[in-house]
Structures are given as C-alpha cells and as structure tokens.
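Read through the structure below, which is laid out as structure tokens, and then see the notes.
Sequence lines set the chain letters: A, B, ... in the order given, protein chains first and strands last, and positions in each chain run from 1.
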Amino acid sequence: MLDKRYDHKKVEEGKYEFWKKEGYFTAGDKTKSPFSMVIPPPNVTGKLHLGHAWDTTVQDITARYKKLRGYDVLWLPGMDHAGIATQAKVEEKLRKEGVSRYDLGREKFLEKAWAWKEEYGKNIHEQWAKMGLSLDYTRERFTLDEGLSLAVKTVFKTLYDKGLIYKGERIINYDPVLKTALSNIEVVYEDTKGKFYYFKYPIVGSNRYLIVATTRPETMFGDVAVFVNPKDKRYKDLIGQYVINPANEEKLPIMGDEYVDIEFGTGAMKCTPAHDPNDFALSNKYKLERIKCMDDSAKMLDICGQFKGMDRYECREKLVEKIKADGRLEKIEDIVHPVGHSERSGTVVEPFLSKQWFVKMKPLAEQALAKSNVNFVPSRFKNTWKQWMENVDDWCISRQLWWGHRIPAYYNIKTGEIKVSIEDINDPMYKQDEDVLDTWFSSALWPFATLGWPNITDDYKRYFPTSLLSTGYDIIFFWVSRMIFDSLEFTKESPFKDCLIHGLIRDSQGRKMSKSLGNGIDPMDVIEKYGVDALRYFLTTGSAPGQDTRYIEEKVVSASNYLNKIWNSARYVLDNLGEDFKPIEIDFDKLDPVEKDIINKLNVTIKKVSSYMDKYEYSMASSYLYSFVYDDFCSSYLEMSKVSLQGSNESYKNIVKSILFYILKDIIIMIYPYAPFIGEELYQALPLHKKSIMIEDYPTEINAKKCDLTSVEILYKMIQDIRNYKVTNKLAPNYKLKLVIETKEKLFEGFENYLSRFSFAKEIIVSDNITSKGSKYAYSKMTLFIEDDISLEEKEAKRTKDIEFLENEIKRCENMLNNPNFINKAPKEKVELEKNKLEEYKKRLALLK
RNA sequence: GGAUGUUUAGCUCAGCUGGGAGAGCAUCUGUUUGACGUACAGAAGGUCACAGGUUCGAGCCCUGUAGCAUCCACCA
C-alpha cells in the first residue's frame with residue numbers, strides 16, 4: 001500500500017545502491033547490440049552545477065531508455081584533470097596557507113594536486129549518485145590516468161613525426177596571473193572601458209608632429225615603427241621619414257602599409273611586433289625587429305629605463321604622466337573597446353611573443369571537414385562547427401603549468417636537439433620540456449582513449465565509435481571539434497554517430513549563472529527540496545532542442561506535482577486490483593466503447609512517445625505522455641472505471657482492472673527514464689513485477705481495431721457541457737438535474753450510468769421522440785435537454801448563439817469544399833475530413849432548429 | 001564586419017515534413033464526489049514582431065525590415 005503522498009526522500013532512499021549492487025549499470029551483454037556514450041568529463045575543480053545536471057540527465061534518460069529498448073548500454077564515466085582550472089584552485093589554497101608552488105617544488109605540488117583530485121572526485125561521485133546516473137563505474141577513467149597518458153604521448157609523437165606539431169615563436173595570449181600561455185579560445189573578449197591616448201611623435205628634421213594614438217602606452221618601449229596607409233593623403237609624403245618615440249626618444253621609421261585603417265584614430269599606428277599579433281604579422285612582412293618590453297608577469301623589462309620593474313598598469317599611468325610633462329600629450333579619449341580576458345583567471349590577457357608548441361590545424365581541419373559524418377542534433381550546429389573548422393588557427397598546446405600531461409619532448413642539454421619520445425628518456429644528457437599540455441589535448445582523445453586506444457581492446461572494438469555524445473553548445477569548439485579531428489586522424493572514424501547539443505541554463509531572468517552575480521543554483525539544494533526526479537523532469541522538458549532554458553522554481557514544483565499525480569493514480573489502481581490480481585489478456589472485440597477508447601489513446605501515446613524518444617526529443621515525448629496521463633487517463637478513464645468497478649459484472653471488472661494495470665504499468669515505464677526513482681518505486685509496487693524496472697521492456701501497443709467511437713466522444717462532451725451549464729447557472733457541482741436525451745440510435749451499455757455519475761443526474765430519460773422545453777444541446781447523433789427553470793429568453797439566446805456558431809462553421813466548410821482548387825490540390829484525407837465535418841455540423845444544426 | 005538563434009496568452013515557453021493556436025505558473029468562479037487540496041470542475045486571456053511574396057490554405061516556407069540574445073573575427 002502506497003503512502004498518501006509522494007515523499008521524494010523516502011522514494012530515493014537506497015535505490016541507487018540497489019541498482020549499482022545488482023550490476024545494472026555494467027555493460028557487456030554480448031547478446032544485445034551495443035549503445036555507447038562517454039560522459040563529458042567534469043573538471044575535478046569542484047561542485048557540479050545545474051548545467052551538468054541537465055547534460056547528464058539527458059544522457060541518463062538516453063541510457064535508461066535504450067536499455068529498456070534492449071540495448072547493451074555503456075555509459076562511461078570519468079573526470080578531467082582540468083589543468084589551468086585545478087592548478088589555479090590548488091595554488092589559491094596554498095596561498096591561503098602562505099606557500100607558493102615554487103616553495104613546494106613540482107613534485108610536492110603535484111602531490112597536493114592529486115590530493116585535491118581525490119577529495120573533489122569523491123564529491124562528484126556523490127553528486128552523480130544523487131542524480132541517479134546509470135554510469136558504468138567498472139570502466140571509469142581519468143584524463144591523467146596511465147591509459148590516457150599513453151594515448152596522449154602516442155598522439156603527440158605521431159603528430160610531431162608527421163610535422164603536425166611544431167615548436168615556434170609566435171604571439172600568443174598570455175595570462176600573467178596564472179603565468180601560462182592560452183589558446184585563442186581560452187580568451188574571452190569583453191567590451192571594456194579604456195582610454196585612447198593621443199601622443200605627439202616629433203618628426204625628425206622638422207618641427208612638426210605626427211599624432212599617434214594607442215590604448216596601451218606601456219608597449220611603446222617595444223615599438224619599432226609607425227605605420228600609415230600609403231593612400232592616406234595626409235601622411236603619404238612622410239613615408240620614409242622618421243619620428244621620435246616619446247616614451248624612450250628612439251628613432252622610428254614611418255612606413256606604409258594598406259593594413260592601416262585611414263578612418264581609425266589618427267590614421268597613424270605604432271607597431272609593436274612583440275606585443276601585438278597584427279604588428280607581429282607586419283614585422284614578418286617587413287623584417288622588423290621584435291622587442292619585448294614586459295616579462296612573463298607583465299612587469300616592465302630593463303629596456304624601459306625608469307619604468308623597469310613596474311607593473312604594466314603602473315607603467316602606463318607613469319609613462320602618460322611623463323609624456324604629458326614633456327608636452328607631448330595631445331589628448332585622452334574615453335573609449336569602450338573589446339579587451340581579451342583569461343577565461344580562467346579573468347585577468348587581461350597580454351599578447352606576448354613566446355616560444356610555444358602548436359598543433360598545425362589546417363591538414364587536420366581539412367580532413368575533419370571532408371570525412372566527418374557526425375550527425376548533429378539539431379542539425380544547425382553542424383554549420384557552427386564547420387565555420388569554425390574552416391577558419392581555425394594553429395592550436396597553442398603548451399601551458400606553463402605543472403598539473404597536466406608533461407610534454408614528451410626532451411632537449412639535449414648541449415646541442416638543444418629535440419627528441420620526442422613515448423617512453424621516458426632517463427639519459428642525463430636530455431632534459432624534458434618543463435611545460436604541460438592544454439587540458440583539451442587529452443579530452444580530445446576521450447571517446448577512444450577511454451575504451452583502450454592505442455590498444456585495440458575488446459571494449460574498443462565493441463563500443464567505438466560511440467553512439468551518442470551530448471553536450472552544451474558552449475563547448476563545441478573546445479571539445480567536440482577537437483574530438484572529431486583527432487578521432488579521424490587516429491582511428492579513421494568519427495568519434496560518435498550522433499552529437500546532441502543542448503543549450504545553457506540561465507537564471508529566472510535569463511542571465512548566465514555566475515559566481516560574481518551570485519545567481520547560481522546548486523542542484524543539490526533543488527534535490528533536497530523537491531527531489532531529483534522533479535529536477536530531472538524539469539531540466540529535460542519544456543524547452544526546444546538546442547535552446548537555452550531558464551531555471552524557474554515554479555516549474556520544478558509543477559514537475560513534482562505531476563509526479564505526485566502519477567503516484568496517486570497508481571495508488572488508486574493498486575487499491576482496486578486487490579490481493580490476488582492477475583492481469584488477463586485483452587480481447588479488443590469484447591471491450592465496451594469506453595475501454596476501446598482508452599486503449600486507442602494509449603496506443604497513440606506509446607507510438608508518439610517512442611518516436612520522439614528515438615529522436616532524443618525528450619521534451620516532445622514528455623508532453624504527449626503528460627496529456628495522456630492527465631486528460632485521457634486521470635481525468636477521463638480513471639473516473640469512468642469507478643463506475644464499472646462498482647458494477648455487478650464480475651468478469652468485466654477483471655477486464656477493467658487489467659486495463660488499468662496495463663495502462664499504469666506503461667505510464668510508469670514511460671516516465672521512468674525521466675524519473676527513475678519514483679519509476680522504480682511504483683514499479684516495485686505493481687503485481688508480478690521483475691526485480692527492477694531497469695530490466696523491463698519498453699511498452700508496445702496493445703492489439704486494437706479501428707472502430708467508431710463517436711458516442712464515447714459525445715459522452716465526454718456531454719459531461720463537459722453539463723458541468724459548464726452548472727457553473728454558468730450558479731448551480732452546485734452536485735446539483736441533481738433531470739436530463740433528457742433524444743436519439744434514434746441505441747446508446748452503448750453503461751452510457752447512462754457514466755453520465756449519471758459525472759452529472760449527478762436526478763433522472764435520465766432516453767427516447768427517440770421527445771418534446772422538451774429544456775436547454776438544448778445538439779450532438780451529431782443525439783440531442784440533450786436539460787430540464788430547468790431557466791427563462792425562455794435565455795434559452796433562446798443560447799440556442800441562437802449555437803446556431804450562429806454552426807452556421808459559420810458550415811459556411812467555412814462549404815467555402816473550402818466549393819473551391820475546385822482545394823478539391824483538386826489538397827490531400828484526399830483532408831478533403832474527406834472537411835466533408836465529414838460539414839455533415840456533422842449540418843446534423844447538429846438540424847437538431848437545434 | 002560575418003553567422004546563428006529568437007520575437008506566440010499577464011509571465012516562462014512548447015508547437016513534430018503547411019490543413020481550425022497549446023502547456024505550466026499567475027488570474028477569476030466554484031468544490032470536504034471514497035487516487036490526489038502538491039487536488040478537482042469551470043472560465044477568461046493571443047492580428048503568432050512588422051511588411052511583402054509563394055500556396056486552395058501560412059505561426060510554420062521565401063524575401064525584406066525592426067527589436068532582443070549569442071557566437072566568431074576584429075581597429076592600433
């Protein structure tokens with residue numbers, strides 16, 4: 001016997017451990033066909049947020065659904081060491097203890113980082129359990145484990161040998177707080193308030209000035225030239241002459257290049273090749289010197305004279321003061337311009353000339369574009385991916401960190417010769433590169449490396465390529481695209497067949513959830529309050545594929561109410577089945593119309609829900625199930641069943657019980673992928689259940705035949721009309737009316753009983769020839785009179801309104817049907833439908849008149 | 001500058017290859033009917049951003065305009 005209320009805490013208790021213990025999460029049933037997914041490995045930095053909850057729920061629904069569909073489902077869990085993010089957190093913790101990583105040294109620091117990983121990894125496991133994720137823990141991986149490390153080294157060496165990894169000096173994005181290089185996509189551009197400084201550069205051999213504007217005066221110590229556009233009439237004659245750099249009195253040549261925008265600033269641009277990517281390109285073109293003026297923590301170098309050792313911003317301020325004092329400041333303008341910030345530390349990124357390792361992207365990108373057959377869902381994300389691939393820059397993969405895969409390159413300490421090796425080189429003549437690889441370098445191998453690659457293991461053979469990858473659109477570039485090109489390069493196959501892309505979760509006002517706004521929602525709090533099933537249902541319904549969604553607490557409440565509804569319908573059904581209930585097979589022909597009707601509706605629902613589940617459209621699937629549960633089952637059939645279950649026909653009672661049982665079971669199984677805990681709980685309460693809902697089969701349609709059920713529709717419509725009648729006439733819902741039905745057809749057995757129960761009728765008279773003065777309602781086969789004291793005028797008014805409505809409808813139908821174009825061009829079924837409607841309206845009109 | 005998404009009820013959003021506009025919440029009326037007040041019954045509420053076009057027929061397809069959002073590339 002179920003409790004009166006659905007108590008999520010009670011329902012959730014112990015189920016996850018039970019599933020795990022029974023081994024239901026473990027893949028490997030060779031008698032079935034495989035369906036595989038890898039989890040997007042969360043960072044071991046901390047707690048999971050609502051975005052993770054969403055992403056993993058989508059995957060868990062898929063895993064559980066596919067399992068019910070008879071697949072051998074592998075959902076492989078794991079975590080990401082998250083180089084920069086984790087190192088930053090560990091360093092922050094150390095700083096609070098008053099130590100720096102340099103005090104500890106590399107080895108000791110890494111011990112601390114591993115301890116961190118253990119601690120937070122445990123957190124994540126607990127949260128996965130709370131979420132109910134059906135992960136195969138026997139195959140769990142970590143991006144820094146032995147197998148992944150081997151894969152990383154193998155990939156690095158292979159690409160290096162092919163010339164697709166190189167070490168080069170380039171302008172890279174440098175994070176001066178974390179002291180590491182970043183890749184282009186780790187830089188976030190934000191419109192930032194700044195100043196545009198206009199300086200007077202004295203022209204050598206003249207008393208004139210050239211005005212040059214800059215936003216970063218501190219880089220003037222690295223200037224090597226001033227560029228103007230050769231088409232710029234103002235400055236054309238100056239090309240070839242020299243100006244004096246007001247920062248350090250150095251002579252700078254005035255050069256011409258079309259790159260310079262005549263309209264922007266003053267049309268004269270300073271050129272700092274070591275601190276700006278565009279200037280770097282110009283320096284390549286014109287063979288200009290590259291002078292660095294800052295070190296790796298953005299402090300000014302010796303060449304900056306009196307500014308040496310200052311922070312970049314302090315230098316900026318002081319230098320402007322100096323130039324102003326020298327009388328060479330023209331003006332300062334306030335501007336808003338995009339400035340690159342580090343994705344992790346938030347600090348302003350410094351473009352910086354530096355020697356780093358790069359992946360040469362063009363050949364890999366071309367191959368990926370040519371050979372990838374990943375099916376993006378929704379498909380538009382394929383274009384997002386393609387466009388990025390087509391314009392991708394070389395990927396800077398070296399990071400000046402300790403937490404990560406150390407670059408397997410070794411330098412001869414005398415000659416500097418580079419050896420790249422998968423095995424460690426212990427030769428004292430060789431020293432390993434100090435840097436580690438970008439975290440994404442290892443995550444890019446996730447789908448195949450977790451299955452054993454570079455070894456061709458049984459799991460790799462069986463589960464790769466994976467069936468589905470699900471993630472948010474925000475990491476298509478970071479991760480999805482890199483998995484695709486690495487997979488095609490190393491396995492010759494796309495890493496997954498389908499790639500399901502979902503949106504981001506935002507707060508109730510549509511803002512991104514962020515620490516600084518303090519608007520983040522901890523999924524664990526939601527679970528505590530409303531239960532994990534309600535959270536899961538909320539996350540995966542009510543939004544369209546690929547669209548963002550907002551966290552709205554009322555919707556979680558509403559999800560929880562829905563689950564309670566199912567809970568209570570189960571309570572009703574189970575109470576009525578009785579102790580020794582055994583379902584009997586349904587013979588559709590022997591059913592009453594009301595039963596036939598609900599079976600038909602169930603079948604339609606199963607069909608619709610299945611087809612949307614197959615397309616990963618969990619929102620659409622849920623909405624069909626929802627309206628079946630609420631409208632067709634709870635509000636209609638379940639109420640109808642109360643009549644037949646109280647009747648005297650024992651054998652038919654068993655049929656009704658069986659139908660209730662089948663419907664309930666199917667509802668439970670269909671809701672279960674969304675809400676596995678309540679699903680299991682209710683399933684266990686069913687008679688004749690298996691050990692777990694996890695080993696059940698997905699519902700299939702019950703045998704049914706086509707038949708005319710308009711009288712059932714009329715019954716439902718009549719009930720609604722009578723209820724409506726009572727409300728408009730201010731009668732109590734249980735007010736006993738006298739109902740008179742005129743019809744020439746024989747009503748199906750029980751019609752009057754059903755009607756009586758729902759309308760609280762005092763008396764129902766059925767006859768084929770009636771003259772009543774009651775309020776009149778016309779249906780295609782019959783007329784209903786409600787005998788009452790309503791004035792004739794009011795009745796007449798209502799009748800006129802009904803007639804007007806029908807006449808309009810008839811006109812609409814006739815217009816369509818009289819249009820030869822419609823008859824000729826519209827599908828046959830549509831024409832037939834309209835004809836039938838017309839006929840019905842005409843019948844009803846005739847009955848009203 | 002390029003691209004994508006979005007504009008539908010008071011609010012948040014659905015709407016599946018074009019065939020009479022839907023849900024949740026909120027609002028209003030009513031209800032101790034034996035599954036459920038975390039409920040039930042009923043009601044009200046929309047020129048589907050705007051302008052053209054295609055079509056027998058457009059929320060849906062095409063073109064354009066406007067607002068909002070996001071991504072990519074960026075001007076020193």
- Item | Sidechain-backbone polar pair: Trp567(A) side chain, Asp3(A) backbone, donor-acceptor under 3.5 Å | yes
- Task: Could you tell me whether Glu617(A) and Lys608(A) have a side-chain N and a carboxylate O separated by less than 4.0 Å?
- Result: no
- Query: Expressed as a whole number of Å, how far does the C1' atom of C13(B) sit from that of A51(B)?
  - Reply: 27 Å
Between N or O atoms, less than 3.5 Å apart, protein on one side and nucleotides 9-12 of chain B on the other: list the pairs.
from, atom 1, to, atom 2, distance (Å)
U12(B), O3', Arg550(A), NE, 3.2
U12(B), O2', Lys555(A), NZ, 3.3

- Could you tell me if the ring centre of Phe264(A) sits under 6.0 Å from that of Phe196(A)? yes
Output one line per pair: protein atom, nucleotide atom from nucleotides 73-76 of chain B, and distance, for all N/O pairs under 3.5 Å.
from, atom 1, to, atom 2, distance (Å)
C75(B), OP1, Asn278(A), ND2, 2.0
C75(B), O2, Asp261(A), OD2, 3.4
A76(B), O3', Thr215(A), OG1, 3.3
A76(B), N6, Asp261(A), O, 2.9
A76(B), N6, Phe264(A), O, 3.0
A76(B), N1, Asp261(A), N, 3.3

- Those residues that, when tested against Lys231(A), pass salt bridge (Lys or Arg N to Asp or Glu O under 4.0 Å) (two or more places apart): Glu258(A)
- Side chains of Gln547(A) and Ser619(A): does their closest heavy-atom pair fall under 4.5 Å? no
- Task: Please measure how far the P atom in G59(B) lies from the corresponding atom in A21(B), and state the result in whole Å.
- Result: 8 Å
- Once you round it to whole Å, what is the distance between P of U4(B) and CG of Asn383(A)? 8 Å
- Interatomic distance at P, U17(B) relative to C60(B), whole Å: 14 Å
- Pick the P atom in A35(B) and in C40(B), then give their distance to the nearest Å. 13 Å
- Message: In whole Å, measure the gap between the P atoms of U31(B) and U12(B) for me.
- Response: 33 Å
- Protein-proximity profile, nucleotides 32-39 of chain B, B/S/- by nucleotide at the 4.0 Å heavy-atom cutoff, equals --BBB-BS
- Task: Would you check if the distance from the ring center of Tyr259(A) to the ring center of Phe227(A) is below 6.0 Å?
- Result: no
- Just compare C72(B), G19(B), A23(B) and give me whichever is closest to any side-chain atom of Phe477(A). C72(B)
- When the P atoms of A73(B) and C50(B) are considered, how many whole Å apart are they? 36 Å
- For atom CD of Glu390(A), decide whether the heavy atoms of other residues, nucleotides or ligands shown that lie under 6.0 angstrom number more than 12. yes
- Bracket string, RNA chain B, 5' to 3' - pairs by Watson-Crick or G-U geometry under 3.5 Å, | interstrand: (((((((..((((.....[..)))).(((((.......))))).....(((((..]....))))))))))))....
Side-chain donor-acceptor pairs of residues 630-645 of chain A under 3.5 Å, sequence neighbours excluded:
from, atom 1, to, atom 2, distance (Å)
Ser635(A), OG, Tyr630(A), O, 2.9
Ser636(A), OG, Asp631(A), O, 2.9
Tyr637(A), OH, Glu595(A), OE2, 2.6
Glu639(A), OE1, Lys642(A), NZ, 3.1
Glu639(A), OE2, Lys642(A), NZ, 3.3
Ser641(A), OG, Tyr572(A), OH, 2.8
Ser641(A), OG, Leu638(A), O, 2.7
Ser644(A), OG, Ser641(A), O, 3.3

